[in-house]
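Because only heavy atoms are used, hydrogens play no part in the values below, and waters and symmetry mates are left out as well, while side chains stay in. Throughout, protein chains are lettered first and strands after them, A, B, ... in sequence-line order, and every chain is numbered starting at 1.
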Amino acid sequence: MNELQELYQQVIIDHNHNPRNFHKIKHPSHSAKGHNPLCGDKFNIFLTIKDDIITEISFTGSGCAISKASSSLMTEALLGKTVTEAQKLFDLVHNMVTTGLANAKDIGKLAVLSGVHKFPVRVKCAILPWHTMKNALDKSTQTAITE
Amino acid sequence: MNELQELYQQVIIDHNHNPRNFHKIKHPSHSAKGHNPLCGDKFNIFLTIKDDIITEISFTGSGCAISKASSSLMTEALLGKTVTEAQKLFDLVHNMVTTGLANAKDIGKLAVLSGVHKFPVRVKCAILPWHTMKNALDKSTQTAITE
Amino acid sequence: MSKLDINKIRSDFPIFADKSLIYLDSAATTHKPKQVINAISNFYSNYYANVHRGIYELGMKATEAYQSARQNIANFINASDWRSIVFTGGTTESINLVAYSWARKNLKTGDEILITEMEHHSNIVPWQLAAEETGVLLKYIPINTDGTLDLSNIDKLITSKTKLVSIIHQSNVFGTINPIKKIINHAKKVNAITFIDAAQSIPHSHVDVQDLDCDFLAFSGHKMLGPTSIGVLYGKTELLDSMMPFMSGGDMINSVTMTESTWNDIPYKFEAGTPKIAQAIGFGAAIDYINDIGIDKIHDYEQSLLKVALEKLKSIDELEIYGHQTGENGAVISFNLEGVHPHDLAQFLDQDGIAVRAGHHCAQPIMNKLEVSATIRASFYLYNTEEEIDKLCASLRKTQSFFN
Amino acid sequence: MSKLDINKIRSDFPIFADKSLIYLDSAATTHKPKQVINAISNFYSNYYANVHRGIYELGMKATEAYQSARQNIANFINASDWRSIVFTGGTTESINLVAYSWARKNLKTGDEILITEMEHHSNIVPWQLAAEETGVLLKYIPINTDGTLDLSNIDKLITSKTKLVSIIHQSNVFGTINPIKKIINHAKKVNAITFIDAAQSIPHSHVDVQDLDCDFLAFSGHKMLGPTSIGVLYGKTELLDSMMPFMSGGDMINSVTMTESTWNDIPYKFEAGTPKIAQAIGFGAAIDYINDIGIDKIHDYEQSLLKVALEKLKSIDELEIYGHQTGENGAVISFNLEGVHPHDLAQFLDQDGIAVRAGHHCAQPIMNKLEVSATIRASFYLYNTEEEIDKLCASLRKTQSFFN
Ligand SMILES: Cc1ncc(COP(=O)(O)O)c(C=O)c1O
Ligand SMILES: Cc1ncc(COP(=O)(O)O)c(C=O)c1O
Ligand code: FES
Ligand code: FES
């Protein structure tokens, strides 16, 4: 399997075709917009947080397979997590997509995103939904822009 | 004799050291300033023209040996000439300093300036007083700038 | 296929020693033949010096080469006077020069600048900023979704308020060649100044500034086999003469005192600082290279490539081509493959050694019109081949089946 | 003589294959080692592509090389953040950028800009024009005829009205190294912005922007073994962040709609259009070359050359040296030979293969102060030798006797 196929493996293609939690939440407690200026793609992340627990999470928008799958996987991974756990997962994912390194136990299914570090231009795609989520948690009203 | 020595021959060195007609005329009928922006050198040319004849001509200012000798030689050459003859001599000198070609009979002593065409950067030096004289004849109040 | 000695040409470009590279991004920037690379190396190695001010021999050689590059470029676009050729850092700087030294100085509230929805950002943003500062209205000639200008209301758009009309000659997204002569004529009727962004046309076709009779025109060296960091602003001499300098400093002055300065003649008035000497010489060598082959032959060859490419791409299911429905077009094709995001597609094509561009191509207003965030763009130049088009199509089909 | 392996160094510069060339004009522009020339050729030949936007492999290699050149330059001047390094066409453009994007936007009638009588035209004219447009007063720190700044009235010159202080670090005429730290400290007391024209200092000595704590600083690639058409504006990040763009177009935007645009992050906000890719890479290679030898060793070597040159020149009758009477000076010597116009003198030196500069050196206010129209300037760099100084002196004596 070459690097490209490793990146675009079945999980990614599946989440790209059938994104999970791909809709708007009616009355989210937190939300943010994200924008990748390199390609022009935009996402919205919605969250409902009750007693520090993420009880609802969803997204809308459009982007490449990587960003869409990353968004979809993120919503799955964060549902039911505490805000602190979400922040921690952000750090792990950020580290993984830039270095390729991750602890299987901590990162779980998100490991499919690790191949992206071989494609520096695409790191922004993978991390965009995560930045947006973080902005939403920070109650930031700014549009997240992947650095 | 190499090209440089040919250019800086005795006549030039002599006119540089002992410029002829190097003073101001009290009440010139025509005068103009000349400026070579490349080096910052400046000359003034003064003429008295009576019945279309150049009855007085002189210069002031400072510049390199080429420009000073050219000014000095010019004043010698033009004294007593008609305005039309002066204009014609301008054309001959202009042609000579850019191409090196001149008819010995027409150009006379000014032929010492012909070597300058081998030094394109210095052509402006040789032609500066001539441009200034031409501007004076045209009653131009503009400062002549060697093109 | 029109005749070019393509093997000879490809062997002139060191980059194509890598046989696996299929470079289809010449609208962004082109590769360089060894003649250009060597002209630059040769200058730095054998006669490098500053120009204009040196008495010494070396400086004279450099000055001659620099000046002859300028004359060369003037001839290439049939400018009658080399003083019309101002060296800049590129098309972008050329446009900014006019936005600062002409628009900001000559326009006022009530005046209008007219551009099109088809412009590259470099022919939008400088006018937006100038318009904002001067209180001028920036208007747009709309585009049709087929990639052509909608000129139906041109008489209402160009009015006595219109002071500047700035138009892209050939679209960097669609390849559309706009009817600029017609628009220039409209502009002349109201005495508007005309500016042509020729960054995409001059590398590929014969452009004659005297025939167009535009006031300004801009293009870049790096899009026509030349170095980066060099471009040209062509301007009519009277107009350039009447303008204030843009950048100021050494070389562009006549005299400087502590209280005021006077300006050098054009074009030097607009070339502040140590000139782009190596770049101008490299650009001159690029023009020589193009002239040796012949710009018309290059144009014909590209047109035949374009025809083949369109045919073959159209045979791919669910591939949408933007533009290319009518009229004259350059060899630039934007498209999307249904169900595959352009950036994913570009990544897969790269895997097969195919360099295309995915993105908004610095033309977001077009993307908005097309209601897409990005397209794939394949663009061709004299070194491309029909075989490369076949490989592109094969890779597109392969990727399509991977994603579906 | 301080130790440099001068034979090795000279053999790196292809131009010195011509054994008869004595190049003493490095203050105008320097020659290039083959390492720099090859870095440029190699880029064009083997991995040329546009940067930032390409998905494809080639574009990634070019982007990495471009970015690493920027980091390299940041390290060289000890900038803590690569985002402080804006690539421009040269020192002149760097100064104009600040004159347009900072001075014109932030200054108003009643404010003052302070420069010195020792400035290069590029650090005079942009401020003159900005001052004229904004109604600001442009003031000068006077110079003494010995080539030093007259700081006796500095407290009266730097007042609460002073908003910008822009100073040449090393004089391109005298070689004088100005006490810029002291002046920066004065400026800080009144919260004036500080700008250092380091075009002549950075090539020859260790300059540390954190230590200086200036707000802006500018220098050029071509004066330090690099290509033409590239320079740097260093700026503190907060300041750059707060500024409006200078030129606009592609690459410097975040988004563009028909009515407004938003800006990319620094430094890209100030780098409109296709970047100066080959030039940045060549500049990076020049910095590598300097680092390999060591800037301090280069400095020491030049200082020893300077000492010898001053001694030998002073032994020539009726040769007047401007400056070099006190303090620290770079290896730049301006002089005149009584009775020989500098342009005639330069012509005779050229005959002997010696390239010096005759002229006002883009510093007419200094010429006015010295009451001369021009001087001869000999300037040295790491490739010059004591033997060349001997030949210069011999040629000067020969010319002197010819004219007398
Ligand atoms: C002190 C100084 N400042 C500015 C400049 C202008 O640099 P550039 O011509 O590279 O823009 C020069 C060189 O000419 C200089 O010596
Ligand atoms: C139509 C058009 N105009 C302007 C530009 C800007 O040219 P440059 O980036 O060389 O300044 C480009 C290329 O990017 C272009 O395609
Ligand atoms: S390409 Fe736009 S987010 Fe991936
Ligand atoms: S050098 Fe000034 S006129 Fe000759």
Side-chain angles (χ1 to χ4, degrees), chain B residues 1-19 22 33-44 59-73 97 112-129 132 143 145-146, chain D residues 20 22 25 28 117 120-122 124-125 172-173 318 320 322 334-377 394-404:
Chain B
M1 204 159 66
N2 71 23
E3 290 176 356
L4 191 74
Q5 286 159 349
E6 197 179 306
L7 173 59
Y8 286 86
Q9 53 189 275
Q10 210 41 55
V11 186
I12 302 252
I13 295 297
D14 171 40
H15 277 262
N16 177 42
H17 271 181
N18 307 299
F22 188 56
K33 289 178 188 180
H35 173 222
N36 182 349
L38 234 106
C39 56
D41 289 324
K42 289 177 187 135
F43 285 98
N44 297 291
F59 78 106
T60 61
S62 70
C64 62
I66 311 291
S67 58
K68 219 159 151 190
S70 178
S71 302
S72 173
L73 286 160
V97 296
V112 295
L113 292 170
S114 69
V116 83
H117 85 278
K118 299 244 178 68
F119 300 87
V121 190
R122 308 304 299 281
V123 168
K124 287 177 203 237
C125 304
I127 204 69
L128 174 61
T132 314
T143 302
I145 293 178
T146 50
Chain D
S20 68
I22 297 178
D25 196 18
E117 278 181 38
H120 186 277
H121 291 162
S122 62
I124 302 176
V125 193
N172 64 314
V173 174
E318 307 198 313
E320 180 173 13
Y322 305 102
S334 280
F335 59 88
N336 267 320
L337 207 52
E338 173 74 34
V340 189
H341 187 283
H343 280 78
D344 294 321
L345 183 48
Q347 195 86 64
F348 277 74
L349 294 177
D350 181 48
Q351 177 82 356
D352 290 340
I354 302 170
V356 296
R357 183 133 307 224
H360 54 56
H361 318 297
C362 294
Q364 287 182 356
I366 296 182
M367 299 300 123
N368 294 343
K369 190 76 170 200
L370 298 178
E371 295 179 357
V372 298
S373 68
T375 73
I376 291 280
R377 182 184 69 189
S395 188
L396 285 169
R397 287 183 204 276
K398 203 175 69 180
T399 307
Q400 189 169 44
S401 68
F402 179 89
F403 274 88
N404 288 302

- Check each atom of Leu7(B) against the heavy atoms of chain D and say whether the ones under 4.5 Å are side chain, backbone, both or neither. neither
- Item | Val116(B) vs Cys125(B) side-chain heavy atoms within contact, under 4.5 Å | no
Interchain donor-acceptor contacts below 3.5 Å (chain B, chain D):
unit_1    : atom_1 : unit_2    : atom_2 : d
Tyr8(B)   : OH     : Asp344(D) : OD1    : 2.6
His17(B)  : NE2    : Phe403(D) : O      : 3.0
Asp41(B)  : OD1    : His341(D) : NE2    : 3.2
Asp41(B)  : OD1    : Ser373(D) : OG     : 3.1
Asp41(B)  : OD2    : His341(D) : NE2    : 2.8
Ala65(B)  : N      : Asp344(D) : OD2    : 2.6
Arg122(B) : NH1    : His343(D) : O      : 3.2
Arg122(B) : NH1    : Gln347(D) : OE1    : 2.7
Arg122(B) : NH2    : Asp344(D) : OD1    : 2.9

- Heavy-atom pair with the smallest gap, counting every atom of Phe348(D) and Leu4(B): CD2-CD2, 3.5 Å
- Item | Minimum heavy-atom distance between Ala358(D) and Ala346(D), given as atom pair plus value | CB-CB, 3.8 Å
- Note on the structure: Taking every heavy atom of Val97(B) against every heavy atom of Ala126(B), the minimum-distance pair comes out as CG1-CB, 4.0 Å
- Item | Side chains of Leu396(D) and Leu345(D) in contact at under 4.5 Å (non-hydrogen atoms) | yes
- Query: Given side chains that start at C-beta, do those of Ile22(D) and Val356(D) come closer than 4.5 Å, heavy atoms only?
  - Reply: no
